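Beneath this line is the structure, given in structure tokens, with notes to follow.
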Amino acid sequence: MRPTLARRTASPQRVSGRIGLWHSGGLVPRIGAVMIRVLVPVVLCLAVLAAPVAAAPKPKKCFTLPELTSEREVRHGIYLREASRRCQGRFLPDSVKTWDTFEEANGAKFRAAVARRLKAWQREFPADWQAKQNHADGSIVTYARNIPLTEGFCENIGELLTTITKRGYGGFSAQTKIIKNEVVQAYKACQ
């Protein structure tokens, strides 16, 4: 004869095999084992994902000279790209082609400069480096797009493009030292 519901609930000691699972090491350890099996991988994943954040270098509150050079080169590249696009056609028929050819020929150097710059921005502005970098880049694009489009402006851009075409990346880097793109005023150099 099967025990009734009243019998099971009235006397847990008699039917400890059924109700006792809840308190005598039966069901609770099984649930605990399942939770441990689920929680251990989750905790390990969180630890692995948190490791890069914990291992992030401490901000120096300054940029090294190679980082400042990279910042100048990237900013000058953004400026020349935007300016050459504006002057294309009306004043400088091949300005975009000239810039694209130069950028393609020096792609490895540009990628290295961008990578060095990215590392510096991530170190100095760990919480919001992307927003700050987008703001800095956007201000250069906005500036280049809002300079009055005149023959004199495009002649200057044409001279800069001619110089980098003749002198290569060295000529480009030399231009960044003269122009500076407000980098020296905006970022402290490490001593």
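In what follows, residues are counted from 1 in the order of the sequence shown. Since this is a predicted model, take the numbers as computed values, not measurements.
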Using side-chain heavy atoms (C-beta onward) and a distance below 4.5 Å, is [X] in contact with [Y]?
X: Trp99; Y: Ile164; result: yes
X: Arg86; Y: Ile147; result: yes
X: Phe153; Y: Cys87; result: yes
X: Arg123; Y: Glu67; result: yes
X: Tyr79; Y: Ile157; result: yes
X: Arg81; Y: Val96; result: no
X: Val114; Y: Arg111; result: no
X: Ser84; Y: Thr98; result: no

Electrostatic pair Arg117:Glu71 at N-O distance under 4.0 angstrom: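 Looking at Arg117 and Glu71, the cut-off is met.
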Lys60 and Glu124 ion-paired at < 4.0 Å: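 No.
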If you compare all heavy atoms of [X] against all heavy atoms of [Y], which two are closest, and at what distance to 0.1 Å?
X: Lys61; Y: Lys188; answer: O-CD, 3.7 Å
X: Trp129; Y: Trp121; answer: CB-O, 3.3 Å
X: Leu160; Y: Gln175; answer: O-NE2, 3.0 Å
X: Cys62; Y: Ala189; answer: CB-C, 4.0 Å

Can a donor-acceptor pair be found, under 3.5 Å and without considering hydrogens, that links the side chain of Glu151 to the backbone of Phe91?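 Not confirmed, Glu151 side chain does not pair with Phe91 backbone.
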Trace of the side chain to side chain contact (heavy atoms under 4.5 Å, CB included) decision for Thr176 with Thr69: CA-CA 8 Å; Thr176 66; Thr69 300; 5.5 Å; no
Indicate whether the side chain of Gln130 and that of Asn134 have a donor and an acceptor atom separated by less than 3.5 Å.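 Yes, Asn134 and Gln130 have a side-chain donor paired with an acceptor closer than 3.5 Å.
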Parallel under 30°, tilted from 30 to 60°, perpendicular over 60°: which one fits the rings of Phe172 and Phe110?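 Geometry flag for Phe110 against Phe172: perpendicular rings.
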Evaluate the ring planes of Phe102 and Tyr169, with Trp represented by its six-membered ring, and classify them as parallel (under 30°), tilted (30 to 60°) or perpendicular (over 60°).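 Phe102 and Tyr169: parallel rings.
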Heavy atoms from other residues, nucleotides or ligands near CZ of Arg167 exceed 12 (cutoff 6.0 Å):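 Result for CZ/Arg167: open.
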Consider side-chain contact (heavy atoms from CB on, under 4.5 Å). Of Arg75, Glu73, His76, which one does Val183 pass it with?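 When side-chain contact (heavy atoms from CB on, under 4.5 Å) is applied between Val183 and each of Arg75, Glu73, His76, only Arg75 qualifies.
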